[in-house]
Structure formats: structure tokens, C-alpha cells
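Notes follow the structure.
In this text the structure is predicted, and so the values were computed from the model without any measurement. Residue numbers start from 1 in every chain, and the chains themselves are labelled A, B, ... in the order their sequence lines are given, proteins ahead of strands.
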Amino acid sequence: MARWQRTHTCGDLRTDHVGSEVVLNGWIENHRHHGAVLFVDLRDRYGVTQVVFEQERDGALFERGRRLGAEDVLSVRGVVNRREQPNPDRATGEIEVVVTELEVLAESEPPPFEVLDVPEASEELRMRYRYLDLRRRPVQEALVKRAAFVTAVRKHLASLGFVDIETPVLTRSTPEGARDYLVPSRVHPGSFYALPQSPQIFKQLCMVGGLDRYYQIARCFRDEDLRADRQPEFTQIDLEMSFVEENDVLDVVEQTMVAAFREAFGIELAQPFPRLDYFEAVSRYGNDKPDLRFGIELVDVGALAAKSGFQVFRNAVETGGAVKGLCVPGGGERFSRKDVEKDLGGLAGAYGAKGLAWAKVGADGALAGSIAKFFEGAAGHELCGVMGAKPGDLLLFVADELRIVHRALAELRLAVGDRLGLRTPGEFRFAWVLNFPMFERDDETGGWASSHHPFTAPVDWDLEDYSASPGTVRSRAYDIVMNGWELGSGSIRIHRREVQERVFRFLGIDAEEQQRKFGFLLDAFRYGAPPHGGIALGVDRLITLALGAPSIRDVIAFPKTATATDLMCQAPSGVSARQLEELHIGLSGKALRPDAEGGAGS
RNA sequence: GGGGGCGUAGCUCAAUUGGUUAGAGUACCGGACUGUCGAUCCGGUGGUUGCGGGUUCGAGCCCCGUCGCCCUCGCCA
């Protein structure tokens, strides 16, 4: 062992080490000068230890210590000393190391920002110097917990006989879905690889290949605009099983989540995860990813609305729309008229509702508010009865086409839950949503598109006639959700060539295109494809939720910005003319602007 | 692609209605100090107000354009 190498980490030392000689390596977190004594806090991944330079012990050494600065990397040799005034905020606070030898392993220029647990620098700056940001304890803790979680998942899946199989990152572009990231081929001019949006087809082919139980912690790429919960490249726990039905996949995932949450986070998940039918979820919560930490469910008041004197309500029902409401317990006091009309009303408007109807229930059961005059006396009592409202409650209603009613009320429900503190941090309510519709309208083309993906098996595939009422066909797709986030989705797949062809055909992919783009999958189904199904779970989102982090970026070592750039390495960037030439690529349009030359950073 | 917010010292922010030499805290440098733990005290260095243009006697502030970051709608089978 080299002379400068550590005998302990900066988190190791306790009072039972007092008197022993140790060597610590680490970064200078802080230093305090007191004339003839100098304190330096030495930090590594494991903790912080105070090391002390004393002038009267060694004047020359003390002088060297005085010249040290933040983020210098040191090796100090010294003797562990019991402190007279311990620091109870630190695990190592009972002791300190009195330095007898110092080696500066690397000096640091004054860093562009201070490495603090609670960051003061902007996220932009921290991302540009992410390697400094990574020194922060909360960032390290997040990454360590992420690693523990993934390790637990791997361990559990391996114990169940799942085989970790790598699938290609350079693959082919497929139609539908998200925009692909493309990689030009040098060898094949004008041809491109695509980075996988998911390993979907490959994992199905693993099943055809007899591998039975596949999993992969897989990187996926989607060239779409970002959000706080979306990155252009992200990680999925991807798995697939043969000879299974929905329950088999759900059970494996449920067990794996329970085990991994326990091992990585010390969180005991309630079991079993509730299972909701898709239509039930949408009807009760307004969307397919309900936050089950609180109630306040949607109530259909269409029947009362239809016979009310409120034109907006009647119109909505008469034109085939819906009127639904939320009863906010105790909301009468918690929400002022301004809160309701401006904040909640504005929110409803942002999600397409033309207005927000509301009423507060008075002590006598009478209503007050925007719709009070249409629900006086018995009508008001009847409305309260349907809504389950008590005096002091706040009632919110949206009247519109059903889709908008659900969307707006889903958001209102979450906003109200936030405001009332019902979305408890540290509470984790997983749930399954089952039986998604097989198809949904594509707003752009007006045609039908797969709600999940085109490899999803329909329920009762041979009994249904797609063309008659495509919107009513159920698929064998399922989502796993938690606290209002979609965390994963999967399905039992089509394993019969004729069914797959039929679905493709219905989606407007003709035989020629099928053969060209999915020929290898369809061919595979000629040679004995087992029934199979699987799921993919978003690791980044799981960790973000489990740690209560505000952004997915907080659990990714080197995340990208909202415009998909890497502020640290300045990706994407321009490339040399020679590289473009080799790839047979010419630039045009905006790409030719001089300012595009240096790429994202210029 | 649309909407909103932000951009001033290394960092975090302030700067009256458009008005004198753009301030504070922190970091950094120097000094004092033998027990601190985001030490304290004294002094100092530090500015293309993101960038370009315009209006004005005068612009950090107003207008136009542009770049970057964040949130969001669309988008994300």
C-alpha cells in the first residue's frame, strides 16, 4: 500500500479508534483558521472527518496547512483524538484526527460554486460542473440508492430464473411511437440505425428463441420534448415471460417491487397492489394513473344536471357530454371564492374545460356559489346526497365532453389533494390498471392507433370484429402506477402471425410494409412462438418517487436539459466536414447557419 | 411548434418613475485570533448587467431580435 493511501474512510472513525494512527484521503469541504490551530473538514463518499493542524506540534506542517483551499484532495496521516466538544450532527463528531503528515494529492482552483448539501448555485451551473455537483451528499445518496434498487431487482429477478440478456442499441427504425434517434451508417450510404425506444421486439424474439424469462436493465431513447419526469434517454426494467397470463407478470413485478423497495429504501409496500379496470380508473379518478393516497373521487351527476335549470349542465348532457363533480371535504373553508374561481377555475381552463361550476355547502345544507341558484331547496339536497356532501364541503363540477370532464377533474383532484396535504410524502400506493382499450383515435390522422403498441394481444381476439366498433375492443395491456405517476406498462403479446397481421392491417400497415418493417417478427411467428407477455418499468421515475426528488434529473448522474443538451460535455455538437463526408451526409436549412457550427453550446 | 418564468461580481441576489461612481451576502486574497464545526473580526481584489440592434440628453430598467436554463401544452405506440 502506497504511503498516502487511506487506512479508513472519512466516515469510519469512532471513539474506539482513539489513539490509533490512521491515513485519510478526501476533499477539503471546509477549513477554519484559529491562529495556532487549524481545522479542516475532510470529505469523501462515506462522511466527513475533522482533521486538525497544530502550530506548536509542527510549525512547518501548520504553514502548509494554512495554504490549503476548498476541494483540494489530501492524504493526511495522524492520530485519532477524542474531542472535548463533540459535534453531534456528524457520525464522526466524537473524534478528530491530529495531523502528523500531509500530502496534497491534487490542488483545486476555487470551485465555481460551493459544494453544499443544500445547493445555492443554480441547477444550470451545477449541471455544467456536474462532477462537482456529484460530490454533494444528496446526489451521491440518490445514486447509491438507485444502485441498491437496481441490484435488488437484479437479485430478485435472477432468483426467479430470469436471464439478463443484452439487446442491440443499434437497431432499425420502426413506424409509430416516438421519434427515433438515428445513427447514420458509414458502410451503407443513406441508411440509418435507430436507437431503441425499447427492446420490445427483441425481447419477444427472445421468447421465440426459447429463453423463457428475459430481463434487462435497458437504456431506451425517444426523441421527444422533455419534462421534469422525462429524459431523452432513460432506463427501464424490461422483462418478458413465456407461457404466462396477466397474473403471472403482475405477480413477478409485485414481488420484485416489494423486495426491492424493502432492500433499497427500507419501505414496506402494502400488498396486494389494488387492481383497477381501465374504465373504472378513468371514471373514478379521471385518468389512468390515479393517486390512491386519497379519495375525492369523481361523481357523475348527469341525471341531476339534465333536469336542472342550469343551461350549461343541460347542454352538456343533451349533446352527449357529461357533468361530473368532486366533493372536497372541508373545502368550504379551505378554499376562498378567489381560490376556487381563479386558481382552480384557471386550472380547469388550462385542461380544456370551458368553466368550473362550484358550490359550498352551508351549515343548513343550502348551497352557495356559482350554481347555487339552480340548486335551491330539494334540488340542492339531492345534489349533496349524490355527491356525499356535508356542511362545510366544497363541490366542483365540470360540464363538457367526457374526455375533457375527466381530464380537468383529474387535475383538479390532484390540485385539491396537494392543497389539503393529502398527497402524503413517504406514502407509496402502487396500483395496477388493467384492460386498456386496444385502439384509440389518432387526432392527427383521424384513424385508429394502438393505445399501447401493436404487439399487444386483444381480449377475446377471435370474437371481436375490429372494424365494427374498434373503440370498444379491450387489450391485454396493463399499467403499473404509483401516486399519480405511470411507472410502467406491459401486455400479453400477440404470438400468432395471423392476429398480428390483422392488427397491422387494421392500423393501416399493408402487407408490403408489414413485411418490410416487421417481416422478421412475422417470420418468427411462423416457427412456433410461445404465448408470452411482459412489462417495462421506468427506473428513473421509480427512484425519483421513492426518494421524493422533484425531478428525474436528480437521480441521473449525467442528465440532459429540457432541450436535450448536455451542459457539461456540450452534446450534441457539430462534427467535422470529414466525418459528415464519410457518412454521406449533407447539411441543409437551419443546420447550415454559422451558429450551428459549434453545436448546442454556441 | 405554442405559452409562462428567469438571465446583474466566481456564486446567490438587490438596484425608486429611465437619472450621479451598479450595491449586499458569500467565495477568493491579505491581516488578527489555540477549539472551531456554514467560526468570528478587520481590510482588499472582483462587473461586456447573456448577446445583437433600436428608442432616449441618458438604458440593468423601455422596444425588437437572438441565445441559454426551468416549468408547461402539444408530443412521448
Can you tell me if the side-chain N/O atoms of Arg57(A) get under 4.0 Å from OP1 or OP2 in U34(B)?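 No, Arg57(A) has no side-chain N/O under 4.0 Å of OP1/OP2 on U34(B).
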
Distance check: side-chain N/O of Thr49(A) vs OP1/OP2 of C37(B), anything under 4.0 Å?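 Thr49(A) to C37(B) OP1/OP2: no side-chain N or O under 4.0 Å.
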
Under a 3.5 Å cut-off for both distances, is [N] Watson-Crick or wobble paired, and to whom?
| N | answer |
| --- | --- |
| A24(B) | U12(B) |
| C61(B) | none |
| G30(B) | C42(B) |
| G68(B) | C6(B) |
| U49(B) | none |

Which of these nucleotides, [options], is closest to any side-chain atom of [X]?
| X | options | result |
| --- | --- | --- |
| Arg230(A) | C75(B), G38(B), U34(B) | C75(B) |
| Leu116(A) | C71(B), C75(B), G38(B) | G38(B) |
| Tyr351(A) | C28(B), U72(B), G38(B) | U72(B) |
| Ala228(A) | U72(B), C11(B), U36(B) | U72(B) |
| Arg32(A) | C73(B), C37(B), G1(B) | C37(B) |
| Asp225(A) | G35(B), C70(B), C75(B) | C75(B) |
| Ala121(A) | C75(B), C11(B), G31(B) | C11(B) |
| Glu114(A) | U26(B), C69(B), U36(B) | U26(B) |
| Thr563(A) | G35(B), G38(B), C69(B) | C69(B) |
| Glu124(A) | G10(B), G74(B), C69(B) | C69(B) |

Test ring pair (Phe, Tyr, Trp, His ring centres under 6.0 Å) on Phe53(A) and Phe62(A) and set out the steps. CA-CA 6 Å; Phe53(A) 293 80; Phe62(A) 182 79; 7.4 Å; no

Pick the [atom1] atom in [N] and in [M], then give their distance to the nearest Å.
| N | M | atom1 | answer |
| --- | --- | --- | --- |
| G52(B) | U8(B) | P | 15 Å |
| G10(B) | U49(B) | P | 12 Å |
| U17(B) | G4(B) | P | 24 Å |

Categorize [X] for me: base, sugar-phosphate, or nothing, with a 4.0 angstrom heavy-atom threshold over every strand shown.
| X | answer |
| --- | --- |
| Glu84(A) | nothing |
| Glu96(A) | base |
| Ala562(A) | sugar-phosphate |

Applying the salt bridge (charged side-chain N to carboxylate O under 4.0 Å, His left out) test to Glu246(A), which of Arg474(A), Arg476(A), Arg493(A) qualifies?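 That would be Arg476(A).
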
Applying the salt bridge (charged side-chain N to carboxylate O under 4.0 Å, His left out) test to Asp229(A), which of Arg541(A), Lys289(A), Arg553(A) qualifies?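 When Arg541(A), Lys289(A), Arg553(A) are each tested with Asp229(A), the salt bridge (charged side-chain N to carboxylate O under 4.0 Å, His left out) holds only for Arg541(A).
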
Pair of N/O donor and acceptor under 3.5 Å linking [N] base with [X] side chain:
| X | N | answer |
| --- | --- | --- |
| Glu29(A) | G38(B) | no |
| Arg83(A) | U36(B) | yes |
| Glu54(A) | U34(B) | no |
| Arg128(A) | G68(B) | no |

Within this structure, what is the [atom1]-to-[atom2] distance between [X] and [N], rounded to whole angstrom?
| X | N | atom1 | atom2 | answer |
| --- | --- | --- | --- | --- |
| Phe39(A) | C33(B) | CZ | C1' | 12 Å |
| Arg126(A) | A27(B) | CZ | P | 19 Å |
| Met568(A) | C69(B) | CE | C1' | 17 Å |
| Gln570(A) | G68(B) | CD | C1' | 11 Å |

For Arg66(A) and for Leu226(A), find the nucleotide of RNA chain B with the closest heavy atom, then tell me which residue's nucleotide is more 5'.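 Result: Arg66(A).
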
Can any side-chain N or O of Thr544(A) pair as donor or acceptor with the backbone N or O of Asp540(A) at less than 3.5 Å?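 Looks like yes, one N/O pair under 3.5 Å.
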
Pair Arg222(A), Ser198(A) - check side chain to side chain contact (heavy atoms under 4.5 Å, CB included), show working. CA-CA 9 Å; Arg222(A) 294 180 190 175; Ser198(A) 78; 4.2 Å; yes

For the residue pair Leu356(A) and Ala348(A), what are the closest heavy atoms and their distance?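 Minimum heavy-atom separation between Leu356(A) and Ala348(A): CB-CB, 4.3 Å.
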
With a sphere of 6.0 Å drawn around CZ of Arg403(A), does it hold more than 12 non-hydrogen atoms of other residues, nucleotides or ligands?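 No.
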
